[in-house]
Chemist: 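Have a look at this one.
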Amino acid sequence: MEVFWAEAIKYLSAGICMGFGAIGAGIGEGYTAGQTALGISRQPEASGQLVKTMLIGQAITETSGIFALVIAVLMISTNVGTEGDAVLNMAAVMGAGIAVGVAGFGVAIGVGYCAGRTCGGVARRPTIGGQVTGTMLVGQAVTETPVIFALVVAFILLYSAFSGGLEKAFGLLSAGIAMGFGAFGSGIGGGLPAGAACSVVARREEVRGQVLAMMLIGQAVTQTSAIFALVIAFLLIFAHGDGASMVKIAAFLGAGLSMGMGAIGAGIGTGMPAASACTAIRINERTSSVVMRVMLIGQAVAQSPAIGSLIVALFLLFVV
Amino acid sequence: MEEIGHVAQIQLFGEPGSPFGTVNYVTVLMTWVVMAIIIVSAVLIARRLKEVPGRVQLVVELLARFFDGLVKDALARDDRAYLPLIGTLFIFLILSNWIGIIPGLEEPTKDINTPLSLGVMGFFIWHVSGVRAKGVIEYIKEFFQPIFFMMPLNVVGELAKVISISFRLFGNIMGGAIIIIVVSHLLMFLVVPILLNGFFGVFVGSVQAFVFTMLYLTYTSVAVRSD
């Protein structure tokens, strides 16, 4: 009976993973295509270059969808999560599905936004399309970071041999929830400065170096909440839980939810000042060091809710 | 594919049952390899400095000038006190991230201990330079900005900087390594995933080394500058 349930949960998790993972890729690629269509109406003679840029951007947007597909296919077609304790396997597989699915949802929106702004920028100045596309590739690679974190957590969940009781099972499930939702906000937030930076490079390629530095620092701070989620996910995965105490189970679930949900807002919110700071360089590049300081202070304050969630999660993990 | 879970566990807690305890000796060995590469090439290049630079010297000079400009811009000072630190950090990290594309070698940054120790080192550098630049009273005052009751959050925020800077590098490099292992398994080791090695090893490795260095520099500049 238990083996039957483990099998069933595997298929359910594969569906959750691919379902959520597909949403973001669809939205992101659609936005890119829309911006390209607008751009072609503005510069019909550059339509070949625009379509090429669109396809590159969409291919990278697709990456998080493909990550979700890989995890789903592994769940369906291999014997992952059928050896050992059935309850722990169910929780681990479910957690892995939620982590990659929800993380891919957010990240693909951010990456697609960046690709869309790039296509808009290339339409404005087709002559420097190569530089804009280069900026896009760097921005997108950094935006992908949260989904790579989610993938790490998912593979640990899928391929480690765990032992413990019901508490451990809920710890594994909560790790997936924390990582998935925690990466969602950072994915969207990381895409905002990347898109803004590509748009700035398209208008004023002479400030490219400054914009790139501002974008990278802005994105790095944006990802801090996803990194908190990664740390909490690791702590949840390797936490001890041999019993079946209801209090402990609730504490684990609470820690996962607190960190996951708390990181969504901070992730998106810290992306906004980063995007505006990139745009500020276009307006006046001489103020960039002041702008960066203001951005960092603003992001630090926007981050404090996520730090609050981190503290609550740590409290639930270690004190309760 | 059972080793995938194992990979992460080794990188976080060391190999179980190893005679070195929780010390991951592969990381130590690979760090030495990277250090040896840096020291040998530094000695070789510095010996043959010429007025008219050759190809290698040109690349090194470009790199040095690039970081000189970055450090001066960020700190708004004309001395080069922080240039050796920032430049060496970048060279060490980029070599550490690239070394994994050679079969048989592993990235030292794949182990959490390498980025975390660099982060802890940074913590002391930022705060000691902050105290030196601003004086103790002015430095402590900053923790009570914007309002006094923000103090606990500011303190946690400072600790979170160390966690975020080190886990960002670790997660990216280990994530890349795990993805490469999985794809190699799925392709039954018939095809070496060159494209993935290029993307995660060279491209993501360079970007993350630069991000780490830039954040190091930015946190130093936030600590040192008072405008």
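Values in this document were obtained by computation on a predicted structure and should not be read as measured data. Sequence lines set the chain letters: A, B, ... in the order given, protein chains first and strands last, and positions in each chain run from 1.
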Chemist: Identify which part of I311(A) has an atom lying under 4.5 Å from any heavy atom of chain B, answering side chain, backbone, both or neither.
Modeler: side chain

Chemist: Quick one: what part of V222(B) sits under 4.5 Å from any heavy atom of chain A, side chain, backbone, both or neither?
Modeler: both

Chemist: Would you say the side chains of Q210(A) and S288(A) form a donor-acceptor pair under 3.5 Å?
Modeler: yes

Chemist: Would a distance-only check, ignoring hydrogens and angles, find a side-chain to backbone donor-acceptor pair under 3.5 Å from R225(B) to A74(B)?
Modeler: yes

Chemist: Main chain of G139(A), side chain of Q219(A): is a donor-acceptor contact present, judged purely on distance under 3.5 Å?
Modeler: yes

Chemist: Name, in order of residue number, those residues of residues 92-103 of chain B that have a heavy atom at a distance of less than 4.5 Å from a heavy atom in chain A; otherwise write 'none'.
Modeler: none

Chemist: So which part of A220(A) gets closer than 4.5 Å to some heavy atom of chain B, the side chain, the backbone, both or neither?
Modeler: both

Chemist: Can you see which heavy atom on I173(B) is nearest to which on G205(B), and at what distance?
Modeler: CD1-CA, 4.4 Å

Chemist: Atom CG in L88(A), atom CG in L172(A): separation rounded to 0.5 Å?
Modeler: 6.0 Å

Chemist: If you measure only the distance, is there a donor-acceptor pair under 3.5 Å linking the side chains of Y82(B) and S129(B)?
Modeler: yes

Chemist: Assess the residue pair S225(A) and S186(A) against the criterion (side chain to side chain donor-acceptor pair (under 3.5 Å)); give the C-alpha distance rounded to whole Å, side-chain angles, the decisive distance to 0.1 Å, and a yes or no.
Modeler: CA-CA 7 Å; S225(A) 39; S186(A) 288; 3.3 Å; yes

Chemist: Looking only at heavy atoms, which of residues 212-219 of chain B get nearer than 4.5 Å to chain A?
Modeler: M214(B), L215(B), T218(B)

